[in-house]
Amino acid sequence: MTALLNVRDLCVAYGKVPAVRSVSLEVPAGRIVSVIGANGAGKSTLLNALMGLLPASGSISFEGIEQIDRPVAARVASGITLVPERRELFGALSVHDNLVLGGYMLRNRHEVAEQLEIAYQRFPRLNERRTQLAATLSGGERQMLAMGRALMSRPKLLMLDEPSLGLAPRIVIETLAIVVELQATGVSTLLVEQNAHAALQIAAWGCVMELGEIRISAPAHELLCDERVIHSYLGSHAVTGTAPNGANKAE
Ligand code: ATP
């Protein structure tokens, strides 16, 4: 299968301290790839570098076009988007205005209106809270708004950094179910997640990141049975956890 995103030998450092070391990974078109790993493994750094928020060396090919020297806006225009770990909403703006800002790349008002309609259908809760300030939303609603805002640019690749952070288990399941739904509409996802069990259940492929490197890369269903992964990342979830419907297997 053709890779939508093809990353080769990506290196990122903070000053002289390397945080991502020669990482290579692929996200095939229409697939979910999950990256799991402990705190400080380099997962957020990896996503931020792919988005162009941090300088990096190596190669980031998206639909066959090299992105490594392109600015963030050009990457967004190509179809890449990131929902950052802290969600980074504009707290003093309404739900509606946050969404509109996510569509800044769209060509005209008609396209913005169209995408807003899709966002409100996908997240009915946001529709109910259109005029509410983002700062006053619950954690789950903030995550929905962050995802809705990212989707306004009609991405082909959604990168999600720890979407489950601080959320109740039921909301985590709902959030990941949306990722699965998006896959059905052709949107691929690169998912960074501490909840390794849920992340691997919905993914076709999984990567384990340790100390800035991808240490294991395999079909997600194989990682769910891998002794090293069970021991380090799955623990008691190895047998009993639940994930949203639509979990897919690698082909
Ligand atoms: P977490 O799940 O805790 O966010 P992570 O896997 O996303 O962890 P990163 O946040 O990417 O890991 O951090 C990777 C390494 O880079 C860590 O050692 C971290 O301390 C370091 N680091 C992250 N951000 C900075 C920064 N702005 N300046 C210096 N070092 C940083």
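In each ligand, atom 1 is the first atom listed, and ligand 1 is the first ligand listed. None of the values given here were measured: they were computed from a predicted structure.
R149 is listed as a side-chain neighbour of F90, based on a closest heavy-atom distance under 4.5 Å. Side-chain contact check for L176 versus N195: every heavy-atom pair is 4.5 Å or farther apart.
With hydrogens and angles disregarded, a donor-acceptor distance shorter than 3.5 Å links the side chain of K43 to the backbone of G37. Remark: side-chain polar atoms of R31 are not paired, donor with acceptor, to backbone N or O of A203 under 3.5 angstrom.
In the displayed structure, R228 atom CZ is contacted under 6.0 Å by at most 12 heavy atoms of other residues, nucleotides or ligands.
E63 meets the side-chain hydrogen bond (donor to acceptor under 3.5 Å, both in side chains) test with K156; sequence neighbours excluded.
Annotation: ligand 1 has protein neighbours Y14, A19, A38, N39, G40, A41, G42, K43, S44, T45, E85, E162, Q194, each with a heavy atom less than 4.0 angstrom from the ligand.
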